[in-house]
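First up is the structure itself, then whatever we jot down about it.
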Amino acid sequence: MISDLLPEHMKHLHLPGGFQLPPFGLHQWLALIIVGVGLWLVGSVWLGLQAGQQWVNSWQDDVVVHVYFPHDQELALIRAQERFEKWPSVASVQLRPVEEGVAWLQEWLGDTGLDAEEIAKRLPLVLVLRLGNHDESSEFIFADIRDEAVRQGGFINEDELLLARMHGYVASVKYIVLFVTILLALAMALIISNTLRMMQLSHQEEMALMRLMGAKEWFVRMPFMLEGALIGAGAGFLGGMLLWPISWMVSTISDHFHLSGDVGWISFSLMLLGLVSGCVGAWISTLRGVDDRADEDLDS
Amino acid sequence: MSDATALLSMQQLMLRYKTGKVALSGITMDISENSFVYLTGESGAGKSTLLQMFYGGLRPSSGKLSVQCVNMRTAQEGEIRMLRQRTGIIFQDHRLLFARTVFENIALPLRVQGWHIDKILPRVHKVLSFVGLGDRMWAYPAALSGGEQQRVAIARAIVTKSRVVLADEPTGNLDVETAQQIMDLLKAVNRSGSTVIMATHDLHLINEFPGRVITLHAGAMVADDL
């Protein structure tokens, strides 16, 4: 009986309101692509940050600071060694054996015919400091090491300190990226919101009629909420999928540094972020203006 | 004066806009179930405004208005929504959705009320057959004549078996012959048990299709031809 009433070209009936999606047109696809690319950028930055953190952590577990003394300052070196050994934040203090330096130098010089031992005599004496339980709370340890080294007549490698402080810099970058992510998520929510606003304006009469027929507000707004969620989740999926080629392209470099970015987890997070942005955008779009059209007069 | 069994009851009904302009004042009358009522008067007399008040589009400033046992001054939004589900509305410009088929237009009130598609289809077909458009279910309104479009609007208003049908100048844009067809349909709707309240200033139609005539002038009721 019912199939008799349905024409052949009409397989699916899309009645407005409730749990039905409005037609998915060009504007929605455009919004999905724009938001998808935005989320892909966010994902790429997070992927980079994750790799950076892994790289920093790989050598931050064993932070070593070298303190150099002129080769004729052996007494000062011993004095400094005794003082550093008393520091609780310094796990170990080792005097690098001269033989080690000679062996390394000989290998480096190769068969040039130069005498490594003679050259090694001119190299500075080296104290190797290993830091224990190093974290952001011990931010002054590097300055203290520098001060003590200078006080005893030695010096340190400033570039080495910069690398040792990288953990703190990465943490700061993480906060900046988080802030930018929130800003971009809001921007993406507004893009979705504007797309849905256009849809609502084109369905203005339909929405007004539904209200005149006694529809509840959730019934009128639900299709747009669903559409916002779909655009957001779709964009998140797109952004997540676009991360895989990036990951594949940089795999040679990342393998070299033993870095393994968790693309799957970031893709999943992007989908969630997209979904939330879509829902927020849909909510914003239904907040403005639509209530005012609830009761259009009969003369309109 | 007030009849306890009246479907619509008004006592000293007044509507004043925020601008201070008084749109309706001192309207006292009852409309009983299954009656056919004309609201007539010149343009701006308050016919459309009064119809709007009957479905909660406007709330009274003072006086009493009871529609289908709902006090329109104190009713909650939920009560207004339920009232609207029991009320069919026909507009002068019919307000059909031109991007949707005749079926989708008529199915809209049923969808709002949560009907399943399996029940919507035969119901819409039955109502369309009643208004003589059984074969135009899958057409778009743009492909229909003005009279056919108005018949679709009537079908949309009666598809939920509304107790009250409000019609705001439904024949205003139609020629005499088509207007008579529309009036025949509205009379048939009335005979099937719905109360029809129709705003019009077409005296010929009132003479040809008798009913109770309430005349408004400048927002006040000046005659009630029971």
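Reminder, nothing fancy here: chain letters follow the sequence lines and each chain counts from 1. Basis for what follows: all heavy atoms, side chains included, without hydrogens, waters or symmetry-related copies.
Looking at B:Leu97, the atoms closer than 4.5 Å to chain A (heavy atoms on both sides) all sit in the side chain, from C-beta outward. For B:Arg100, the part sitting under 4.5 Å from any heavy atom of chain A is the side chain, from C-beta outward, and nothing else. Neither the backbone nor the side chain of B:Ile80 comes within less than 4.5 Å of any heavy atom of chain A.
Counting heavy atoms of neighbouring residues, nucleotides and ligands inside a 6.0 Å radius, atom CH2 of A:Trp40 does not exceed 12 of them. Counted within 6.0 Å of NZ on B:Lys187, heavy atoms from surrounding residues, nucleotides or ligands total more than 12; the atom is thus considered enclosed. Annotation for A:Phe268: atom CZ does not count as buried by contact number, only 12 or fewer foreign heavy atoms lying within 6.0 Å. The environment of B:Phe54 atom CZ is dense: over 12 non-hydrogen atoms of other residues, nucleotides or ligands sit within 6.0 angstrom. Atom CH2 of A:Trp218 has more than 12 neighbouring heavy atoms from other residues, nucleotides or ligands inside a 6.0 Å radius.
When all heavy atoms of A:Lys216 and B:Arg81 are compared, the pair lying nearest together is CG-NE, 3.4 Å. Between B:Val112 and A:Gly214 the shortest heavy-atom distance is CG1-C, 3.8 Å. Between B:Ile117 and A:Leu15 the shortest heavy-atom distance is CD1-CD1, 3.8 Å.
One finds the CG atom of A:Leu209 at 8.0 Å from the CG atom of B:Asn105 (value rounded to the nearest 0.5 Å). The CZ atom of B:Arg111 sits 8.5 Å away from atom CE of A:Met210, with the distance rounded to the nearest 0.5 Å.
Counting heavy atoms from C-beta outward, B:Arg156 and A:Met213 have side chains that approach closer than 4.5 Å.
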